[in-house]
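The next block holds one structure in the form of structure tokens; read it before the comments.
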There are 2 protein chains.
Amino acid sequence: MVTVHDVAARSGVSIATVSRTLRVPHRVSGDTRDRVLAAIEELGYRPNRAAASLRRGRTGVIAFVVPDIENPYFASLTKGAQAASRARGYGLVVVDTTESAEVESEEIRALRSQIDGIILVSSRLPDEQLLEVAEGAVSVLINRDLGDRSPATPSVAIDETAASDAAVAHLAGLGHRRLAYVGGPAHSWSQERRARGVRDAVAARPGLTLAELADVVPTAAGGRAVADAVLGGGVTAVLAYNDLVALGLLAEWGERGVRVPEDISLVGFDNTFVAELSSPLLTSVGTDLRDAGEAAVELLLQRVEATDSDAPAAYRTLRPELVVRASTAPVRTAD
Amino acid sequence: MVTVHDVAARSGVSIATVSRTLRVPHRVSGDTRDRVLAAIEELGYRPNRAAASLRRGRTGVIAFVVPDIENPYFASLTKGAQAASRARGYGLVVVDTTESAEVESEEIRALRSQIDGIILVSSRLPDEQLLEVAEGAVSVLINRDLGDRSPATPSVAIDETAASDAAVAHLAGLGHRRLAYVGGPAHSWSQERRARGVRDAVAARPGLTLAELADVVPTAAGGRAVADAVLGGGVTAVLAYNDLVALGLLAEWGERGVRVPEDISLVGFDNTFVAELSSPLLTSVGTDLRDAGEAAVELLLQRVEATDSDAPAAYRTLRPELVVRASTAPVRTAD
DNA sequence: TTGAAAGCGCTAACAC
DNA sequence: GTGTTAGCGCTTTCAA
């Protein structure tokens, strides 16, 4: 292992100067800097992070905690966060909590001392615990907020109201009047917002009616399970809690001879890459999740590196976009 | 921050005993242990990893390097690795190299000093560089090997020959005679093995013929792009490089009125979760990827913790399983 | 602009 | 079984 001592010896300076060359280059004369840098290059020196962390009290690592890395939604967020933290010179520890609040809680506890900050995505923790974490560490929330309980906690949110409205507007524009919303897990943060958004959007447009299904498991299997229940009542267009549920509906309907979009139109939420996997392609509304991941890292690092001055915007609300694909079409006029 | 000193003071022992209580509990009397543990609990003490790392020369962190975390294949591997490393008390740094050899190379270099070991998944590095990494650090390869160049490097591989054979056997059993294989990126490790496997399996069964497409982009879009080219020549069954390509074929065919499995049967490789997203469900052959991720972690940690004795099996070859779903059916007898 | 030196929190000899 | 002590490699006063 190459240490500051090796570099110092090689370049004829003290170890302090080696350290300065890397940390505060402007405090080193151009000449010395060049020699030190040359020695570093020649020896392949890399500062030992553990030592630097111990001394500085900062690790250069941030944690990104997701419920399920296999879920395309979280995978995309992670991808964005990864890129952003790399660009800023930080390491990123990705933690998959397997949808368990206990695992999440335990992992956070174990992590706390060895990271500079933590990004909690769709946290499964109850408010009190989440509050504790948020106050106890530099943190950013994605898809969750503490509202009045902790207005100081930065968060990245997607404007679900706008998303719901865009989806409903699209369907209404195609002539659909009887809509159905297949909702996700009751009490989930996104579900509450999406359901409300859809309801409001429907209410705002005279002539529309809405049927609602609640508490559907937010996976393709969940969608399949309720594929039957959604049909009927003259519904001509369905909004699904997420793309996975939409794909489940699509698949099951396909097997039962219900055609999309000829017989029924379908819109998913999130616009994840799976929306481009199906036939027909799925119309979906969502934001660029990589951007969201990046935004969270930016917000977090602003905090982490805030020594003084900075008084950054603590919230970031991302606008979703509706991407129209083949799963939606004008309502069939009565034959 | 609570340190060993605080715990020592609180429990009336020296800092060495506090450390021992955690690291080598059997070298501490039961009585003392209880008192120390109580103090740790009361104070909420957590050892500072940076300090421990610096002192021990081990960080308790391993790296898991994947080309693309959004790819379901890698996501599942990651999930398994995550679970295994958590269970063993290690942290896991997940690195997404965005399919770039340069990024991979640079990240590995940056990481090297601060991890105990590294798992390289489907590395994009050329042999020489990979060799350098493998020899320079405790490492395990997934989906890649150095063969004679570095027979000592542990690796986890999926038996692609068995996978190909199972797929071909399945189709042959259904009466298909004219098969096509839609290959992935030329020179890719998996592609070479799968292509050879398919060829051998076909050759071993008199009466079968094989058409091959090469160098298809291994995504749904790639599959779509060649959906047309595959058809014709009397082909009644297609094997696709991976599930994503298969889904692309499926979607594009669907839009052109080619029905699966009525008109043509389709088998994917990998058996990722997307195989359950389509309609019809995709028949696919693959191993449990979470198991593979876990296996890699086990192999790696055996090495990391090998102080003496251990002379572990350095290779792990996983057997794939063919999961028959609705995308394959008996060949239609001439109408 | 540079160097000397202290010490971050912990572990592992070593001594008792 | 327990305590004392010497650093791990680095950053950062403080003095020159």
Side-chain angles (χ1 to χ4, degrees), chain A residues 1-37 39-40 43-61 89 91 110-116 305 307, chain B residues 1-37 39-40 43-61 89 91 110-116 304-305 307-308:
Chain A
M1 154 167 273
V2 184
T3 76
V4 273
H5 291 97
D6 302 316
V7 177
R10 174 91 171 205
S11 50
V13 299
S14 73
I15 61 168
T17 298
V18 174
S19 181
R20 272 191 216 104
T21 304
L22 259 13
R23 298 286 168 194
V24 279
H26 60 279
R27 288 212 186 300
V28 172
S29 78
D31 199 48
T32 316
R33 187 162 55 230
D34 291 346
R35 263 184 308 136
V36 173
L37 256 16
I40 287 176
L43 299 173
Y45 168 73
R46 294 264 171 178
N48 180 319
R49 281 234 201 189
S53 301
L54 180 57
R55 183 59 235 250
R56 310 219 295 164
R58 295 241 234 102
T59 60
V61 174
L111 244 32
R112 183 169 309 188
S113 77
Q114 41 228 349
I115 55 176
D116 294 342
E305 294 174 352
T307 36
Chain B
M1 154 165 271
V2 185
T3 75
V4 273
H5 291 97
D6 301 316
V7 177
R10 174 90 171 204
S11 50
V13 300
S14 73
I15 59 166
T17 298
V18 174
S19 182
R20 271 189 217 107
T21 304
L22 259 13
R23 298 286 169 192
V24 280
H26 60 277
R27 288 213 186 301
V28 172
S29 79
D31 200 46
T32 314
R33 187 163 55 230
D34 291 345
R35 262 184 310 137
V36 173
L37 257 16
I40 287 176
L43 299 172
Y45 168 73
R46 292 266 169 175
N48 179 319
R49 281 234 202 189
S53 301
L54 180 56
R55 183 61 237 250
R56 309 218 296 164
R58 297 241 235 101
T59 60
V61 174
L111 241 33
R112 186 169 309 188
S113 78
Q114 42 227 351
I115 54 174
D116 294 343
V304 167
E305 293 175 352
T307 36
D308 40 281

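Atom set for the values below is all heavy atoms of this structure, side chains included, hydrogens, waters and symmetry mates excluded. Here is how names work: the chains are called A, B, and so on, in the same order as the sequence lines, proteins then strands, and each is numbered from 1.
- Residues Val36(B) and Arg33(B) form no side-chain contact, since every pair of their non-hydrogen atoms from C-beta on lies 4.5 Å or further apart.
- Atoms CD1 and CZ, on Ile115(A) and Arg49(B) in that order, are 11.5 Å from each other to the nearest 0.5 Å.
- Here the range on DNA chain C touched by chain B, meaning any atom under 4.0 Å from one of its heavy atoms, is dG9(C) to dA13(C).
- Contacts between residues 26-36 of chain B and DNA chain D, counted as heavy-atom distances below 4.0 Å, involve Arg27(B), Val28(B), Ser29(B), Thr32(B).
- For residues 5-32 of chain B, the pairs satisfying salt bridge (charged side-chain N to carboxylate O under 4.0 Å, His left out) are Arg10(B)-Glu42(B), with sequence neighbours left out.
- You'll find the side chain of Ser11(A) reaches within 4.5 Å of the side chain of Val7(A), heavy atoms only.
- Of the residues listed (Thr21(A), Val18(A), Val28(A)), the one engaging Val13(A) in a side chain to side chain contact (heavy atoms under 4.5 Å, CB included) is Val18(A), and it is the only one.
- Put simply, OG on Ser53(A) and CZ on Arg58(A) are 10.5 Å apart, with the number rounded to the nearest 0.5 Å.
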Using a cut-off of 4.0 Å between protein heavy atoms and nucleotide atoms, how would you tag nucleotides 6-16 of chain D 5' to 3' with B, S and -? BBBBBBBB---
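- Residues passing the side-chain hydrogen bond (donor to acceptor under 3.5 Å, both in side chains) test with Asp116(B) are Thr59(B), sequence neighbours excluded.
- A distance of 9.5 Å separates OG1 of Thr3(B) from CG of Asn48(B), quoted to the nearest 0.5 Å.
- Here CG of Leu22(A) is found 6.0 Å from OH of Tyr45(A). Values are rounded to the nearest 0.5 Å.
- With sequence neighbours left out, Arg46(A) forms a salt bridge (charged side-chain N to carboxylate O under 4.0 Å, His left out) with Glu106(B).
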